[in-house]
Amino acid sequence: MVSAQNEIRRLTAPDIRARKGGEPIVSLTSYHAHTARIVDAYCDVILVGDSLGMVMHGLETTVPVTLDMMILQGQAVMRGSKRALVVVDMPFGSYEASKKQAFASASRVLKETGCGAIKIEGGRRLAETISFLAERGVPVMGHVGLTPQAINTLGSFRAQGRNEIDWGPIEADARAVAEAGAFAVVLEAVAEPLARRITSQISIPTIGIGASPACDGQILVLEDMLGLSPRVPRFVKRFGELGPSIEQAVRTYAQEVRARTFPGAEHVYPMRQATVAKLPERGKGPSRA
Ligand code: KIV
């Protein structure tokens, strides 16, 4: 007999690739088992983004994030989810040096997490690497436009392609990633008309973040859309305001602990009836010899 759990099939990179021009691809980031479980019920793709460096660890940029950090959180997300395609970001320094380095890092991610795909940042300069990986069984999601791992050469996190004169290289990057064999590409902070145009030109799904409603899918960082991040970029819509409700819960907890009203009788473990020791009532105990 096949159990109900076995009937749930995870989406694969080819499933997502086949969604080009179809029903929008819904994606969010997650780094933990518990949030992955919630997100999994509604999303097609869960990205274990290297944004975890900033969101979980309070780093200024994603540059210091390591492969081990990505693998640890990738494992957590795989345990928490069962339906969505889980994509794990390759962190800065784990794939740029050579195709071989990229394959060694990507194969560690696939083997150690069990995820279905990896994501790498960069366009034309990464095309050969993307082909090398895709030909060797590594599904690759590309990422062009604003590529946060390049912060030290970009100078700031700013939108790309807001002047038409800058469109050429961004279009060429997206096309190169598609032609190299990526199954989808993230367009981050790309001017709306350019993101729309790229989406209509390339053969693989585009997943927008601060890009265009015309993209084949959308992605946001979960903590941003839940209202937990202190800095909110223009492209984030806050679908929730968890910050104030978490603060309220913590305030109430602290008050109740201080007042000794928590834990209540329902939160502690009484002894089982048979084993309750008969304690003498105060003042009525056996008299000492
Ligand atoms: O790291 C991340 O969360 C990302 C998304 C913003 C696309 O790359």
Side-chain angles (χ1 to χ4, degrees), residues 16 24-32 35-36 39 43-67 69-74 76-77 84-96 105-106 109 113 115 117-123 126 130 139-151 154 156-160 170 173-174 177 182-190 195 198-199 204-212 215-226 228-229 231-239:
I16 300 302
I25 299 160
V26 182
S27 331
L28 281 171
T29 61
S30 167
Y31 323 122
H32 321 99
T35 56
V39 165
C43 288
D44 304 304
V45 175
I46 303 178
L47 173 69
V48 185
D50 63 351
S51 51
L52 65 79
M54 299 164 85
V55 176
M56 288 178 67
H57 299 279
L59 296 168
E60 286 286 309
T61 72
T62 55
V63 172
V65 173
T66 66
L67 199 57
M69 288 161 82
M70 297 310 304
I71 289 173
L72 202 60
Q73 301 324 127
V77 169
L85 170 67
V86 173
V87 180
V88 175
D89 247 344
M90 302 277 283
F92 179 71
S94 69
Y95 61 93
E96 302 90 332
S105 301
V109 170
T113 68
C115 74
I118 57 98
K119 175 164 83 59
I120 59 182
E121 291 185 10
L126 262 309
I130 294 172
V140 180
M141 178 179 274
H143 184 151
V144 305
L146 174 62
T147 49
Q149 290 175 12
I151 182 65
L154 290 173
S156 67
F157 296 116
R158 61 169 185 280
Q160 306 289 301
I170 304 169
D173 279 342
V177 164
F183 69 92
V185 60
V186 169
L187 303 182
E188 178 163 353
V190 170
I198 291 173
T199 301
I204 60 171
T206 58
I207 307 207
I209 174 162
S212 169
C215 288
D216 299 294
Q218 302 294 329
I219 186 161
L220 284 176
V221 170
L222 183 66
E223 285 75 358
D224 287 349
M225 61 88 89
L226 291 179
L228 282 170
S229 311
R231 205 185 66 84
V232 189
R234 174 190 169 90
F235 56 75
V236 172
K237 174 172 173 183
R238 292 209 189 221
F239 288 84

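Here the structure is a predicted model, which means the values were calculated and not measured. For ligands, and for the atoms within them, numbers begin at 1 and follow the listed sequence. The first residue of the sequence shown is numbered 1, and numbering continues consecutively from there.
Atom 3 (O) of ligand 1 has as its closest protein heavy atom S51 OG, 2.5 Å. Counting only heavy atoms of the protein, atom 7 (C) of ligand 1 lies nearest to L47 CD2, 3.8 Å.
Proximity to D50 (heavy-atom distance under 4.0 Å) selects the following atoms of ligand 1: 1 (O). Of all the atoms in ligand 1, the ones that sit under 4.0 Å from a non-hydrogen atom of G49 are 1 (O), 2 (C), 3 (O). Shown in contact with D89 at under 4.0 Å from a heavy atom are these atoms of ligand 1, numbered in order with element: 1 (O), 2 (C), 8 (O). Per-residue contacts place V221 under 4.0 angstrom from the following atoms of ligand 1 (heavy atoms of the residue considered): 3 (O).
Side chain of S105 to backbone of S94: a donor-acceptor contact under 3.5 angstrom is found. A donor-acceptor contact shorter than 3.5 Å is absent between the side chain of Q73 and the backbone of I71. Counting only distance, with no hydrogens or angles, the side chain of T206 and the backbone of D216 share a donor-acceptor pair below 3.5 Å. In this structure, the side chain of Q149 engages the main chain of M90 through a donor-acceptor pair within 3.5 Å. The backbone N or O of G53 lies less than 3.5 Å from no partner atom in the side chain of Y31, so there is not a single donor-acceptor pair. Checking side-chain atoms of E188 against main-chain N and O of A159 turns up no donor-acceptor pair under 3.5 Å.
With sequence neighbours left out, the salt bridge (charged side-chain N to carboxylate O under 4.0 Å, His left out) criterion links D44 to R19, R83. M225 pairs by the side-chain contact (heavy atoms from CB on, under 4.5 Å) definition with L28, L220, L222, F239, not counting sequence neighbours.
Contacts with ligand 1 closer than 4.0 Å are made by no heavy atom of T62, backbone or side chain. Contacts between I209 and ligand 1, counted as non-hydrogen atom pairs separated by less than 4.0 Å, involve the side chain only.
Considering backbone and side-chain N/O of T29, none are found under 3.5 Å from N/O of ligand 1. For the pair K119 and ligand 1, the shortest N or O to N or O distance falls below 3.5 Å. Considering backbone and side-chain atoms alike, E121 places every N or O at 3.5 Å or more from each N or O of ligand 1.
Residue H143 places a heavy atom under 4.0 Å from ligand 1.
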